[in-house]
Enquirer: 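Below are the structure tokens for one structure; questions will follow.
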Number of protein chains: 4
Amino acid sequence: MGQRSVTGGRPRDAHIDTAVLDAVSALLEEDGYRSLAIEKVARRAGVSKAAVYRRWPNRQLLVLAELERRMGGVEPPRTGCTLCDLDEALALFARTFRCMGPEFFSPLLADCSGDEELHRRFMDTLFDPPRNAVRDTLERARERGDLRDDVDLTLAVDTLASLVHYRLLFGHAPVDGRETARAVAVLLRGLARDFAALEAEAVGHSATSHG
Amino acid sequence: MGQRSVTGGRPRDAHIDTAVLDAVSALLEEDGYRSLAIEKVARRAGVSKAAVYRRWPNRQLLVLAELERRMGGVEPPRTGCTLCDLDEALALFARTFRCMGPEFFSPLLADCSGDEELHRRFMDTLFDPPRNAVRDTLERARERGDLRDDVDLTLAVDTLASLVHYRLLFGHAPVDGRETARAVAVLLRGLARDFAALEAEAVGHSATSHG
Amino acid sequence: MGQRSVTGGRPRDAHIDTAVLDAVSALLEEDGYRSLAIEKVARRAGVSKAAVYRRWPNRQLLVLAELERRMGGVEPPRTGCTLCDLDEALALFARTFRCMGPEFFSPLLADCSGDEELHRRFMDTLFDPPRNAVRDTLERARERGDLRDDVDLTLAVDTLASLVHYRLLFGHAPVDGRETARAVAVLLRGLARDFAALEAEAVGHSATSHG
Amino acid sequence: MGQRSVTGGRPRDAHIDTAVLDAVSALLEEDGYRSLAIEKVARRAGVSKAAVYRRWPNRQLLVLAELERRMGGVEPPRTGCTLCDLDEALALFARTFRCMGPEFFSPLLADCSGDEELHRRFMDTLFDPPRNAVRDTLERARERGDLRDDVDLTLAVDTLASLVHYRLLFGHAPVDGRETARAVAVLLRGLARDFAALEAEAVGHSATSHG
DNA sequence: CGATAAGCGAGACGGTACGTCAAGTCTTATA
DNA sequence: TATAAGACTTGACGTACCGTCTCGCTTATCG
């Protein structure tokens, strides 16, 4: 929500903030992002248009606020086992993404492109947090010495994260735990110093099947 | 362009088709996708609004037509060397995507979501063709016996293709030949029956450095 | 229908003339004059737009043609009795007017005002014929010596005719034989050389009650 | 102008009301009723289309508002002399009608037919007021005992009023004070208990010549 | 008999206006 | 100052007709 000068005047009504975001949420579900109009949001929230504009200067930031609210915090897993952590991180990634509504992610991103500042805000809020969970996991794997020395971490993160985003955005194939686990396996075979060792360890944890 | 019954009536003026698409092209460059209005397109093309609507019933299909025009045909490479083919296919993929204007890809996709038919048209036109070039290449590699038996082809294609789309869509990291070559190398290490052999062959072709 | 040079070419299809006028008739009844569009007429008649425009250059003349067709010929009555003739002439007037659809009369007139030629055509076709039936009757009455010498004939005709048009156009009061007969009586009391004599004669004919 | 709930909100700008009606007035004079388009009105008034639609939902009510403004109030004459009052009432009637632009009366009426509510509004605003001036005059004459007992007042009013409307609508004959005076004379001869007495009284007032 | 000429259905074409919608800004009165 | 209500300009939406035109075809009359 918009920062405010603290001095004087009537204080903002906090109920309005939630009422507006609730209305955004409902309208997104009902009519999708494209036909989400601030005027409708205000009407639905039983709030004046000005009250909305006072808090969020445009619909991009308004929707961003709602999706951020939905996303909640993202905590990376720390089991100590590289393969298990990665599986879990990717599953978390997918879950987070899915619960914020992948169908709003794409148009919002599209709407934020073209403006430097908006794009940055989008990335900071929705893109980086879940992605960093994956990155952290990989970094810990490297510190543990599980990865080859010449690994390009950004490339590795992208290869994993992009798969999830890709499928959810285009919807041409499903994303489930089995699929992501396989992707992790294939990739790690290319990245790991000793893939067989990692596999053995993971079987010990018996978290997921790495066949 | 809109299909037509061939019988009777004054034939459509082909100049109008190109004039409109040219106008779309110019306006996309100048103002981006978001503020592309059919009314402006018609004005710019020196053409009546009805003439535009007669051919393309909405702006999604209009822009789709223009991007399709830009993309042209996509022919997968056939050098006979798996690593070289893959490098080339991915480079082609990136090139195709870039020349059609990656900044319009995302908002157009966003605009096509929510309508079954539009989404299908989008995928058929812009998504599948370059992607299939990669898939074909991988299929030939498998037929040649270069890949492990348990390879999930769709997963492999996605892992490679998504990387390009991902970076170009979110713009958080550049995409160049060196990067894609590295991604191919990492992935093939996980997919290949005998990665060293492939590498040796590719060095013989001296196409790109596979270090 | 439009006049034509007789020489050469394919002759016009007479079926089209009637098909078009029938369509006009139907559309007038269904949607009224205001929303009568030539394009709709052509569609309804199963005829091309050009075929309509070839015959009638605009919708005013088109509707005029249809109303003229409806009106048919107007023959003034000749009973020889002034009061009876007048009653009958006025009844004929009302009947004619009503059968051509008074609700189209007003908007058509309105549509024809503003163009000299159109207005003249309207008056010649729809206004003058029934009105002249009344005028003829009054003229014969004067020749018979039934009217005062200083009677202004145009004023007299207008006073009678306007009443019918007036009520049918504005619809604020009904028009029936009893009402028009009363109007005739009142007016004749002011115009006649000897009203009582006329009344006596009419009672002899026992056509209508002139009390 | 459109009625509004008085509570809250920014009040309507009164300048806009007049600017719009002025524009309507100018455009009516220049191009007539038929080509009066709300879009043009707004342009001419230097006002947005929405501002016009907010006040008047269609062009009929818009023009009605302008003609009402032009018409002003109608006060029936009260000289105490029946013939003089009638002459004056009819002259007032004609004057009122003429000053509001008889050429717009007809197409507006035509445009209002077909819709119950619009027609009523038209009658209430433009038809009844001047007509009631005539009716009042006749009613006072009857109370004074100047008219025969069996007079049908509605018929009498129509006979006088229709003449003016008739001639002005169809434009086939002029309307001036002399003509209307003659019509009054003829009609009164048929309606009056003692026409000669009325005539004598009027000559005393020397208002107009009743020969 | 074949040339000429017009009729005809179909539908493209540039216009113009329709009536609606939302954007983002503003003005007022009230809290 | 925030708030609700709503006026305001701007600009596009997608639709509907206008009256004109081009096309390929059909149906007459005339030389």
Enquirer: Taking 4.0 angstrom as the limit, do R55(A) and E66(A) come out as a salt bridge?
Expert: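 Result for this pair is no, no salt bridge flagged.
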Enquirer: Can you sort out the partners of A37(B) under side chain to side chain contact (heavy atoms under 4.5 Å, CB included), two or more places apart, ordered by chain and number?
Expert: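 Expected list: K40(B).
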Enquirer: What integer distance in Å separates L62(A):CG from dA23(E):P?
Expert: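 To the nearest whole Å, that distance equals 10 Å.
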Enquirer: Pull out every protein N or O sitting under 3.5 Å from an N or O of nucleotides 23-26 of chain F, one pair per line with the distance.
Expert:
residue, atom, partner, partner atom, Å
dT26(F), O2, R10(C), NH1, 2.8

Enquirer: Starting from C1' on dG7(E), measure out to CG on D17(C) and report it in whole angstrom.
Expert: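 From D17(C) CG to dG7(E) C1': 12 Å.
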Enquirer: May I have the distance from Q60(C) (atom CD) to dC18(F) (atom C1'), rounded to whole angstrom?
Expert: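 The answer, rounded to whole Å, is 12 Å.
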Enquirer: Tell me, please, which residues at least two apart from E117(B) pass side chain to side chain contact (heavy atoms under 4.5 Å, CB included).
Expert: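 Scan of E117(B) (side chain to side chain contact (heavy atoms under 4.5 Å, CB included), adjacent residues dropped) gives D115(B), R120(B), R121(B).
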Enquirer: To the nearest angstrom, how far is I16(A) atom CD1 from dA2(F) atom P?
Expert: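 So the two atoms are 11 Å apart, to the nearest Å.
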Enquirer: Mind checking what makes side chain to side chain donor-acceptor pair (under 3.5 Å) contact with S35(B), not counting sequence neighbours?
Expert: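 Residues passing side chain to side chain donor-acceptor pair (under 3.5 Å) with S35(B): none at all.
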Enquirer: For DNA chain E, find the residues of residues 27-41 of chain C with a heavy-atom distance under 4.0 Å and give them by number; none if there aren't any.
Expert: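 Residues of residues 27-41 of chain C that come under 4.0 Å of DNA chain E do not exist, since none gets that close.
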Enquirer: Report the residues that fulfil side chain to side chain contact (heavy atoms under 4.5 Å, CB included) with A45(B), sequence neighbours left out, ordered by chain and then residue number.
Expert: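 Counting only residues at least two positions away or on another chain, A45(B) forms a side chain to side chain contact (heavy atoms under 4.5 Å, CB included) with A19(B), V20(B), A23(B), V47(B).
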Enquirer: Who are the salt bridge (charged side-chain N to carboxylate O under 4.0 Å, His left out) partners of D22(B), not counting sequence neighbours?
Expert: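 For D22(B), the residues satisfying salt bridge (charged side-chain N to carboxylate O under 4.0 Å, His left out) (neighbours in sequence not counted) are R69(B).
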Enquirer: Only counting residues at least two apart or in another chain, list the ones meeting ring pair (Phe, Tyr, Trp, His ring centres under 6.0 Å) with F122(C).
Expert: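 In terms of ring pair (Phe, Tyr, Trp, His ring centres under 6.0 Å), with neighbours along the sequence ignored, F122(C) is linked to F105(C).
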Enquirer: Any side-chain N or O of R54(C) less than 4.0 Å from the OP1 or OP2 oxygen of dC8(E)?
Expert: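 It does, given that an N or O in the side chain of R54(C) lies less than 4.0 Å from OP1 or OP2 of dC8(E).
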Enquirer: Whole angstrom is fine here: how far is it from CG in D13(C) over to P in dA28(F)?
Expert: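 Rounded to whole Å, this separation is 9 Å.
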Enquirer: Can you tell whether the side chains of R34(A) and D111(B) come within less than 4.0 Å, N to carboxylate O?
Expert: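 Counted as a salt bridge, because a side-chain N and a carboxylate O are separated by less than 4.0 Å.
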Enquirer: Apply salt bridge (charged side-chain N to carboxylate O under 4.0 Å, His left out) to R44(C) and list each qualifying residue two or more places apart in sequence or on a separate chain.
Expert: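 R44(C) satisfies salt bridge (charged side-chain N to carboxylate O under 4.0 Å, His left out) with E30(C) once adjacent residues are dropped.
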Enquirer: Applying side chain to side chain contact (heavy atoms under 4.5 Å, CB included), can you list everything that pairs with E68(A), at least two apart in sequence or on another chain?
Expert: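 Applying side chain to side chain contact (heavy atoms under 4.5 Å, CB included) to E68(A) gives T125(A).
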Enquirer: Output the rounded distance in Å from NE2 (H15(D)) to C1' (dT9(F)).
Expert: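 Atom-to-atom, H15(D) to dT9(F), this comes out as 17 Å.
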Enquirer: Near DNA chain E, which residues from residues 43-51 of chain D have a heavy atom under 4.0 Å away?
Expert: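 Within this stretch, R43(D), K49(D) sit under 4.0 Å of the strand.
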Enquirer: Atom CZ of R59(A) to atom C1' of dG24(E): distance rounded to whole Å?
Expert: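 Checked: the CZ to C1' distance equals 14 Å.
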Enquirer: Starting at CG of D111(A) and ending at P of dA22(E), how long is that distance when rounded to a whole Å?
Expert: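 Roughly 16 Å, once rounded to whole Å.
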Enquirer: Which residues satisfy the ring pair (Phe, Tyr, Trp, His ring centres under 6.0 Å) test with F127(A), sequence neighbours excluded?
Expert: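 For F127(A) the ring pair (Phe, Tyr, Trp, His ring centres under 6.0 Å) partners, ignoring immediate neighbours, are H165(A), Y166(B), F170(B), H172(B).
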